[in-house]
Amino acid sequence: ILKDFVNDLSFSAKDRILILFEAQSTECGNMPLRLLIYLAKSLIDYIGENRYNLFREAPIKLPKLELYVLYTCEVEKRFAEISFAETYYNGENCPVDLMVNALYGDEKRSIIQEYVTFCKVLKEQVQLYGANEKAVTETIAICKDKGVLEEFLCKMEQEVARVVVDLFNEEYFLRDLKIDAKEEGKDEFKILLKMIRRGDTDEMLLKAGYAQEEIDKARRFYEELIA
């Protein structure tokens, strides 16, 4: 169940700090648990890389830990920190606890605020053009024009475009649909979603033989998927 749990970004500076960073485009009430799982896996890797013996008498040296979640969406209730114990045990005594620092991209002209803006622009372009290269190139052009991540995008435009387009590839998209292709009718629904993803209009889909009710249902599903 946990083998595919991978956080968005983690890094360390020698043995001083280990940061786990998770970016969220939708609200998620289980961020403390997810980051606990990411942290445990990262510490296992850290112990293995440093060849520490956990059965020795003296405690091993662990890095300073920092946990962050960055919300790129609107969040109804905001907290500077999110507690594992508070989330799952209403603040009662809990043998395990961790604190997650929550960021919302509100800082004016900060790099985090610019990244959040980039994500919002990308979401808008995906809704207009589908999850494809056109949406990515439009996003980069709009952000450069607005001075959002301008220096970075000017230097790394091709790399950014490639990475984002890779996220839109067929395997990634279909994996996130969480649809069992063996169920009756699911293959046809996947095909319809793929056509919506590439930017086909309702008129084109109607001509392809889909009913308006089917199209509307698929569009609602797709909008929830990319929200």
Side-chain angles (χ1 to χ4, degrees), residues 5-13 17-39 42 65-84 86-87 98-169 172-173 175-176 197 199 220 222-227:
F5 268 59
V6 180
N7 67 294
D8 290 341
L9 176 65
S10 62
F11 59 91
S12 59
I17 191 169
L18 186 150
I19 296 177
L20 299 176
F21 194 94
E22 185 75 6
Q24 282 294 117
S25 59
T26 57
E27 286 195 66
C28 176
N30 289 301
M31 288 313 304
L33 179 57
R34 286 171 56 184
L35 279 163
L36 176 61
I37 294 169
Y38 301 148
L39 176 58
S42 295
L65 306 176
E66 293 188 22
L67 309 174
Y68 294 91
V69 57
L70 169 62
Y71 285 101
T72 62
C73 61
E74 295 299 323
V75 178
E76 185 176 349
K77 293 183 179 180
R78 295 190 173 195
F79 304 93
E81 295 181 326
I82 306 172
S83 162
F84 180 91
E86 188 68 36
T87 299
L98 56 79
M99 298 299 295
V100 180
N101 298 287
L103 305 173
Y104 302 95
D106 292 330
E107 303 84 352
K108 292 184 178 179
R109 303 312 298 176
S110 71
I111 193 67
I112 292 176
Q113 186 270 337
E114 291 188 31
Y115 172 74
V116 170
T117 300
F118 178 88
C119 293
K120 290 180 178 178
V121 173
L122 178 61
K123 179 179 177 181
E124 292 169 355
Q125 298 309 302
V126 167
Q127 291 173 339
L128 286 173
Y129 301 108
N132 52 43
E133 189 172 354
K134 172 70 172 176
V136 179
T137 55
E138 288 295 321
T139 298
I140 292 174
I142 291 170
C143 288
K144 286 169 66 177
D145 186 59
K146 291 183 176 181
V148 174
L149 299 176
E150 184 177 12
E151 183 179 353
F152 176 75
L153 291 174
C154 286
K155 291 181 179 179
M156 307 291 290
E157 180 171 347
Q158 291 185 344
E159 289 80 0
V160 171
R162 178 181 56 78
V163 169
V164 178
V165 169
D166 284 347
L167 293 176
F168 292 154
N169 68 33
Y172 181 90
F173 180 72
R175 184 189 67 200
D176 276 2
R197 171 176 171 252
R220 286 194 298 270
Y222 181 73
E223 287 171 3
E224 291 175 3
L225 179 68
I226 66 174

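Nearest approach of Tyr104 to Val116, heavy atoms of both residues: O-CG2, 4.3 Å. Shown here for Val100 and Pro32, the closest heavy-atom pair between the two residues is CG2-CA, 4.1 Å. The shortest non-hydrogen separation linking Ala135 to Leu122 is O-CD1, 4.3 Å. Across all non-hydrogen atoms, the minimal contact from Tyr115 to Leu70 is CD2-CD2, 3.4 Å. Nearest heavy atom pair, residue Val136 against residue Ala161, reads CG1-CA, 3.7 Å. For the residue pair Leu153 and Phe118, the shortest heavy atom distance occurs at CD2-CE1, 4.3 Å.
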So Lys134 and Glu138, salt bridge (Lys or Arg N to Asp or Glu O under 4.0 Å) or not? Walk me through it.
CA-CA 6 Å; Lys134 172 70 172 176; Glu138 288 295 321; 3.1 Å; yes

side-chain contact (heavy atoms from CB on, under 4.5 Å) assessment of Phe79 paired with Glu86:
CA-CA 12 Å; Phe79 304 93; Glu86 188 68 36; over 6 Å; no

Apply side-chain contact (heavy atoms from CB on, under 4.5 Å) to residues Val148 and Val121 and explain how you reach the verdict.
CA-CA 10 Å; Val148 174; Val121 173; over 6 Å; no

Test side-chain contact (heavy atoms from CB on, under 4.5 Å) on Ile142 and Gln125 and set out the steps.
CA-CA 10 Å; Ile142 291 170; Gln125 298 309 302; 3.4 Å; yes

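Between the NZ atom in Lys120 and the OG1 atom in Thr139 there is a gap of 14.5 Å [rounded to 0.5 Å]. A distance of 12.5 Å separates CE in Met156 from CG in Leu149, rounded to the nearest 0.5 Å. Going from atom CD1 of Ile37 over to atom OG of Ser42 covers 11.5 Å, rounded to the nearest 0.5 Å. One distance of note links CG of Leu98 with OG1 of Thr87; it measures 9.0 Å at 0.5 Å rounding. Distance check: Leu103 CG to Ser110 OG gives 9.0 Å after rounding to the nearest 0.5 Å. In this structure, the separation between CD on Glu114 and NZ on Lys146 is 12.0 Å, given to the nearest 0.5 Å.
Side-chain atoms of Asn101 come within 3.5 Å of backbone N or O of Leu67 as a donor-acceptor pair.
The closest side-chain heavy-atom distance from Leu128 to Glu124 is not below 4.5 Å. Side-chain contact check for Val160 versus Phe152: some heavy-atom pair is nearer than 4.5 Å.
Heavy atoms of other residues, nucleotides or ligands lying less than 6.0 angstrom from CD of Glu66 number more than 12.
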